Amino acid sequence: MPDVHVPLGSRAYDVRIDRGLIARAGEEIAPLLARRRVAVVTEENVAALHLGPLRDGLEAAGIEYAQLILPPGEGTKCWSQLERVTEWLVAERVERRDVVLALGGGVIGDLVGFAAAILRRGVRLVQIPTSLLAQVDSSVGGKTGINSPLGKNLIGAFHQPSLVLADVDALETLPERDFIAGYGEVVKYGLLGDEGFFGWLEKNGPALARGDGAARAEAVRRSVQMKADIVVRDETEQGDRALLNLGHTFGHALEAATGYSDRLLHGEGVAIGCALAFDLSARLNLCSQEEPSRVRAHLDRMGMRMRLSDIPGDLPDAEGLLALMAQDKKVVDGRLRFILARGIGDAFVTSDVPPDAVRALLEDALAA
Ligand SMILES: NC(=O)c1ccc[n+]([C@@H]2O[C@H](COP(=O)([O-])OP(=O)(O)OC[C@H]3O[C@@H](n4cnc5c(N)ncnc54)[C@H](O)[C@@H]3O)[C@@H](O)[C@H]2O)c1
């Protein structure tokens with residue numbers, strides 16, 4: 001499987017996508033090391049399944065390591081765990097030219113990436129993403145950070161990794177719900193910029209969900225290539241990178257409404273948000289009615305959540321959801337920015353959406 005290269009000048013790096021990469025990580029990382037020593041940060045669930053093979057591979061390559069195992073879950077992306085990781089790295093005498101390994105899903109990647117960004121004003125980072133969401137999205141592109149009590153991902157930094165090792169075998173141990181939630185981000189890439197990829201997913205999605213390793217690797221590769229292309233055009237999200245937020249304006253509001261709890265995982269919110277973004281696009285006559293129907297048909301076939309009624313428990317009313325959307329980082333001068341579509345594979349960024357159209361859409365979606 002060829003690598004995806006992210007050509008960002010002095011911050012360029014490769015994303016390797018293959019089977020067995022965790023066990024081979026030692027030899028993959030060795031060329032980056034100024035001295036044969038790394039710091040590994042992971043979390044309990046992932047450590048129980050994947051830390052052993054990683055350690056064996058490091059030892060086989062003659063690389064010493066120190067390890068820190070954090071609690072799993074979104075709650076770990078907080079100030080106190082950031083302090084814990086950063087102080088641990090200081091105590092371990094991690095220097096500028098050393099490498100920190102982040103082994104885990106998006107939570108570990110974001111937290112450890114941020115710690116690496118601020119330790120000694122930036123030490124090198126290797127991302128070893130173990131969830132589908134982290135492999136196709138969060139490990140690539142350099143966004144790192146933690147949550148504030150006032151909102152998600154509000155504190156952070158851009159810090160590109162030096163290498164990403166996406167071992168698709170790791171996905172075999174991922175709980176099904178987390179896999180399907182991560183698939184929400186995969187579908188997003190097809191919807192925002194590549195109708196051919198969406199068609200490929202319509203055909204291969206079920207095999208991929210059943211565990212077809214080759215199909216999984218291909219889906220990860222195509223997703224990462226699309227993300228890399230967009231990040232290279234707009235590293236710090238001044239324009240095009242916002243396309244990657246398709247489904248997120250709705251999704252983030254729904255995550256906030258459900259208290260960032262198990263009621264709704266991030267990727268599930270993105271999938272519901274993508275369906276709503278296509279509904280809104282059709283209502284505004286930007287695309288035909290068939291497009292949102294095709295999106296929902298695929299989400300339905302994959303057993304994904306796609307309606308507000310798929311979220312257990314009560315939700316705020318349309319006005320309440322609109323208020324949550326107004327907290328979004330994508331608000332500029334008080335105007336909500338939406339990612340809408342002229343069709344599958346043809347998304348664009350706009351601040352020009354009448355609030356009444358959004359309110360009516362949400363009222364209908366809540367009543368459905
Ligand atoms: N930086 C970015 O660009 C970016 C993009 C998208 C999302 N994110 C962030 O990513 C986070 C969500 O990521 P996530 O869905 O990976 O969450 P996560 O890290 O919490 O992982 C989801 C669950 O899967 C478990 N897990 C992970 N890999 C496993 C494996 N191989 N086998 C068994 N269990 C495994 C974890 O323990 C956890 O319970 C959110 O905080 C979100 O804000 C960041």
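Everything numeric in this text was worked out from a predicted model, so none of it was measured. The figures here come from the full heavy-atom set of this structure, side chains too, leaving out hydrogens, waters and symmetry mates. Both counts, for ligands and for their atoms, begin at 1 and track the order of listing.
Regarding atom 3 (O) of ligand 1, its nearest protein heavy-atom neighbour is K227 NZ, 3.6 Å. Of the protein's non-hydrogen atoms, E43 OE2, 3.2 Å is the one closest to atom 36 (C) of ligand 1. Among protein heavy atoms, atom 33 (C) of ligand 1 sits closest to T173 O, 3.1 Å. At the shortest separation from atom 21 (O) of ligand 1 among protein heavy atoms lies G105 CA, 4.3 Å. Remark: minimum distance from atom 22 (C) of ligand 1 to any protein heavy atom is reached at D178 OD1, 3.6 Å. Protein heavy atom nearest atom 43 (O) of ligand 1, with residue, atom name and distance: K152 NZ, 2.9 Å. For atom 10 (O) of ligand 1, the nearest non-hydrogen atom of the protein is G106 CA, 3.4 Å. Nearest protein neighbour of atom 39 (O) of ligand 1, counting heavy atoms only, is N45 ND2, 3.4 Å.
Near S131, meaning under 4.0 Å from one of its heavy atoms, ligand 1 places the atoms 14 (P), 16 (O), 28 (N). Distances below 4.0 Å separate heavy atoms of A170 from the following atoms of ligand 1: 30 (C), 31 (N). Atoms of ligand 1 found under 4.0 Å from any heavy atom of D137, numbered from 1 in the order shown, are 5 (C), 6 (C). The distance from ligand 1 to the heavy atoms of L49 drops below 4.0 Å at these ligand atoms: 32 (N), 33 (C). Atoms of ligand 1 found under 4.0 Å from any heavy atom of T130, numbered from 1 in the order shown, are 27 (C), 28 (N), 29 (C), 30 (C), 31 (N). Near P175, the atoms of ligand 1 lying under 4.0 angstrom from a non-hydrogen atom of the residue are 33 (C), 34 (N). Heavy-atom proximity to D110, at under 4.0 Å, picks out these atoms of ligand 1: 1 (N), 2 (C), 8 (N), 9 (C), 44 (C). The ligand atoms of ligand 1 that sit less than 4.0 angstrom from a heavy atom of K77 are 9 (C), 40 (C), 41 (O), 42 (C), 43 (O).
Residue L174 holds the heavy atom nearest to atom 24 (O) of ligand 1 of all those in L174, D169, D167. Of the listed options E74, H266, K143, E74 places a heavy atom closest to atom 40 (C) of ligand 1. The closest non-hydrogen atom to atom 2 (C) of ligand 1, taken over S138, P72, G267, comes from S138. Taking only non-hydrogen atoms, the option from L132, L103, L133, N153 nearest to atom 7 (C) of ligand 1 is L133.
The closest approach between any non-hydrogen atom of H50 and ligand 1 is below 4.0 Å. Ligand 1 has no atom lying under 4.0 Å from any heavy atom of H248. Heavy atoms of G104 stay at 4.0 angstrom or farther from ligand 1.
For the 3.5 Å distance criterion, the side chains of H50 and T130 fail to qualify, holding no donor opposite an acceptor. One side chain, E237 or N245, offers a donor N or O that lies under 3.5 Å from an acceptor on the other. Residues Q135 and R216 bring no donor and acceptor atom of their side chains to less than 3.5 Å of each other.
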Would you check, one step at a time, whether the test side chain to side chain donor-acceptor pair (under 3.5 Å) holds for R84 with Q81?
CA-CA 5 Å; R84 183 175 165 196; Q81 296 294 346; 3.3 Å; yes
Kindly determine whether K143 and N153 satisfy side chain to side chain donor-acceptor pair (under 3.5 Å), including the steps that lead there.
CA-CA 9 Å; K143 280 193 184 176; N153 295 331; over 6 Å; no
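Ion pair E235/R241 not flagged as a salt bridge, since none of the NZ, NE, NH1 or NH2 atoms sits closer than 4.0 Å to an Asp/Glu carboxylate oxygen. Ion pairing of R120 with E95 is absent here, as no side-chain N (NZ or NE/NH1/NH2) approaches a carboxylate O to less than 4.0 Å. A salt bridge does not link D98 to R93: none of the charged nitrogens lies less than 4.0 Å from a carboxylate oxygen. For E195 and R294, the salt-bridge test passes: some basic side-chain N is under 4.0 Å from an acidic carboxylate O. A salt bridge links E74 with K152: the distance from a Lys NZ or Arg NE/NH1/NH2 to an Asp or Glu carboxylate oxygen falls below 4.0 Å. The existence of a salt bridge linking R342 and E291 is excluded, since no basic side-chain nitrogen approaches an acidic carboxylate oxygen closer than 4.0 Å. Salt bridge status for R16 with D167: absent, with no side-chain N to carboxylate O gap under 4.0 Å.
Applying the ring-ring contact (aromatic ring centres under 6.0 Å, His included) rule to pairs touching residues 20-44 yields nothing, sequence neighbours excluded.
Looking at heavy atoms from C-beta onward, V46 lies in side-chain contact with E43 at the 4.5 angstrom threshold.
Counting heavy atoms under 4.0 Å from ligand 1, residue H252 does not touch it at all. With a heavy-atom cut-off of 4.0 Å, V46 touches ligand 1 through its side chain alone. Heavy atoms from both the backbone and the side chain of V107 come within less than 4.0 Å of ligand 1.
Using a 30° and 60° split on the angle between ring planes, Y183 and H298 fall in the tilted class, from 30° to 60°.
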